[in-house]
Amino acid sequence: MTDPRILTVRPGPDEYAWTFGGAPPVARIAPGTVLDLYTEDCFAGRVRSEKDLVSEVCEFPFLNPQTGPFHIEGAEPGDTVAVHFVSIEPARDWAASTTVPLFGALTSTHTTAALQPPLPEKVWIWQLDRTRRTALFRAHEGDIELELPLDPMHGTVGVAPANLEVRSALVPDAHGGNMDTPEMRAGVTCYLGVNVEGALLSLGDGHARQGEGETCGVAVECAMNTVVIVELLKGIATPWPRLESDTHIVSTGSARPLEDAFRISQLDLVRWLVRDYGFGELDAYQYATQTVESPLANVCDTNYTCVAKLRKEWLPARETYRGLHARLRETAAALRR
């Protein structure tokens, strides 16, 4: 096996992208390149204590800084970029979470307007033990302290949108973006449809852990050291971001209202079964109905994101995406040796 090229990128404070589309590439890479990346947290590292309120230390819309974009040589509309997560590791021993006025699933927002006052701003600093793989929650009221296991993930992974659009890094849609699904963890391959020449891949918004739905709108936000392998599949279209793990295939859908995000993810899974697993359309619809798992990714962003996942052991023995996930897993194992 030829050793893959490794590109290390550690952006300076002024070297992040804040959008998908509209930002010049920081590097041109060949398919097969390994990216060793540092990503800053969604607050750009400015929320460091319980006194650092988002409204005071952050400037909207400069949230969710992205490392990238990367121009992938040979990528054209109609192709698919594959991003395999080799490792996602917290870069610091702490992470931050907050409540944000007029943001989150259990409060009034700008679009769900109501008379009651916004929730107060509070900051929780989570202590991370990277050796023991734990995150410590400390309550503001009372003396409750609880440890949870680390489950590092990336909330934001995407390419430039179609039709000359530039989208905030806070928005999830067909290009990927701020999907906030805990499924985006190490060992997973993310498939993204290419919309512009070079694809322009970026990622960021690391979470030390997050519950499904990201209910208050903010996870355990953390800077990350992340290693990914980037590959290109020519002539294979991917209409919505898809993921493949060792155990599941996963479709995503992002929209408002929530039921439309659900429909998109379910329809994408049905079409995946038809294209790659030999099902007729109505057979796929019936089979998915009886086998699918449907966790929420987020119900707080500009668009909501739903997930539709199906166990591989319950599928016909067919190859999807030219068997790329298994090959990338082998490459990732070789990198770790």
Side-chain angles (χ1 to χ4, degrees), residues 1 4 31-33 72 74-86 153-154 157-159 172 174-176 179 181-195 199 201 203 228-254 261-295 297 305-334:
M1 180 185 299
T33 298
I72 301 162
E76 301 172 302
D79 297 339
T80 289
V81 166
V83 183
H84 182 78
F85 289 88
V86 178
M153 52 163 281
H154 272 280
V157 183
V159 295
H175 67 284
M179 296 176 285
T181 172
E183 306 290 340
M184 201 77 71
R185 54 173 62 93
V188 163
T189 302
C190 176
Y191 302 110
L192 298 162
V194 177
N195 301 304
L201 169 72
L203 67 155
V228 299
I229 309 168
V230 181
E231 266 295 357
L232 179 65
L233 289 162
K234 296 293 294 180
I236 294 181
T238 300
W240 285 87
R242 294 173 175 172
L243 292 80
E244 183 179 358
S245 70
D246 293 345
T247 58
H248 288 78
I249 62 170
V250 183
S251 288
T252 70
S254 299
F262 176 86
R263 291 184 182 108
I264 291 168
S265 64
Q266 299 286 322
L267 176 60
D268 187 74
L269 183 66
V270 166
R271 288 179 170 165
W272 195 352
L273 295 180
V274 170
R275 188 185 76 178
D276 289 359
Y277 290 94
F279 285 84
E281 185 176 76
L282 290 182
D283 286 331
Y285 187 22
Q286 169 62 207
Y287 194 72
T289 298
Q290 315 311 337
T291 55
V292 70
E293 302 166 54
S294 303
T305 302
C306 286
V307 164
K309 54 188 291 191
L310 205 160
R311 295 178 184 273
K312 286 180 172 179
E313 64 182 305
W314 294 347
L315 289 171
R318 302 286 182 91
E319 186 175 84
T320 187
Y321 285 97
R322 298 174 184 159
L324 183 60
H325 173 75
R327 297 199 302 276
L328 291 174
R329 288 288 274 160
E330 291 177 1
T331 303

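Computed from a prediction, not measured in an experiment: that's the story for all the values here.
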Within the structure provided, determine whether [X] and [Y] are in side-chain contact (heavy-atom separation under 4.5 Å).
X      : Y      : result
Glu183 : Pro295 : yes
Val194 : Thr80  : no
Tyr277 : Ile249 : yes
Pro241 : Leu192 : yes
Leu328 : Val86  : no
Leu310 : Trp272 : no
Val250 : Ser245 : no

Of Lys312, Arg327, Lys309, the residue whose pairing with Glu244 passes salt bridge (charged side-chain N to carboxylate O under 4.0 Å, His left out): Lys312
Inspect the surroundings of CD in Glu281 and state if more than 12 heavy atoms from other residues, nucleotides or ligands are less than 6.0 Å away. no
Tell me whether Arg271 at atom CZ has more than 12 heavy atoms from other residues, nucleotides or ligands lying less than 6.0 Å away. no
For Tyr321, is the NZ or CZ atom of Arg275 found under 6.0 angstrom from the centre of its six-membered ring and inside 45 degrees of the ring axis? yes
Among Arg329, His84, Arg242, exactly one meets side-chain hydrogen bond (donor to acceptor under 3.5 Å, both in side chains) together with Thr189. Which residue is that? His84
Supply the atom-to-atom distance [X] [atom1] to [Y] [atom2], rounded to the nearest 0.5 angstrom.
X      : Y      : atom1 : atom2 : value
Leu243 : Thr252 : CG    : OG1   : 7.0 Å
Asn195 : Asp79  : CG    : CG    : 11.0 Å
Ser254 : His175 : OG    : NE2   : 8.5 Å
Ser251 : Leu267 : OG    : CG    : 9.0 Å
Leu315 : Leu273 : CG    : CG    : 6.0 Å
Met184 : Met153 : CE    : CE    : 7.5 Å

Minimum-distance pair of heavy atoms, taken over all atoms of Pro239 and Asp268: CG-OD1, 3.5 Å
Taking every heavy atom of Gly253 against every heavy atom of Ala261, the minimum-distance pair comes out as O-CB, 3.5 Å
Please step through side-chain hydrogen bond (donor to acceptor under 3.5 Å, both in side chains) for the pair Ser294 and Gln266, ending with a clear verdict. CA-CA 8 Å; Ser294 303; Gln266 299 286 322; 2.9 Å; yes
Test Leu269 against Val292 for side-chain contact (heavy atoms from CB on, under 4.5 Å), laying out the working first. CA-CA 9 Å; Leu269 183 66; Val292 70; 3.6 Å; yes
Between Gln286 and Phe279, is a side-chain contact (heavy atoms from CB on, under 4.5 Å) present by the stated rule, with each step listed? CA-CA 10 Å; Gln286 169 62 207; Phe279 285 84; over 6 Å; no
Derivation and outcome, side-chain contact (heavy atoms from CB on, under 4.5 Å), residues Asp246 and His325: CA-CA 8 Å; Asp246 293 345; His325 173 75; 2.8 Å; yes
Sequence neighbours excluded, which residues qualify as ring pair (Phe, Tyr, Trp, His ring centres under 6.0 Å) partners of Phe262? none
Please walk me through it: do Tyr191 and Ile236 pass side-chain contact (heavy atoms from CB on, under 4.5 Å)? CA-CA 10 Å; Tyr191 302 110; Ile236 294 181; over 6 Å; no
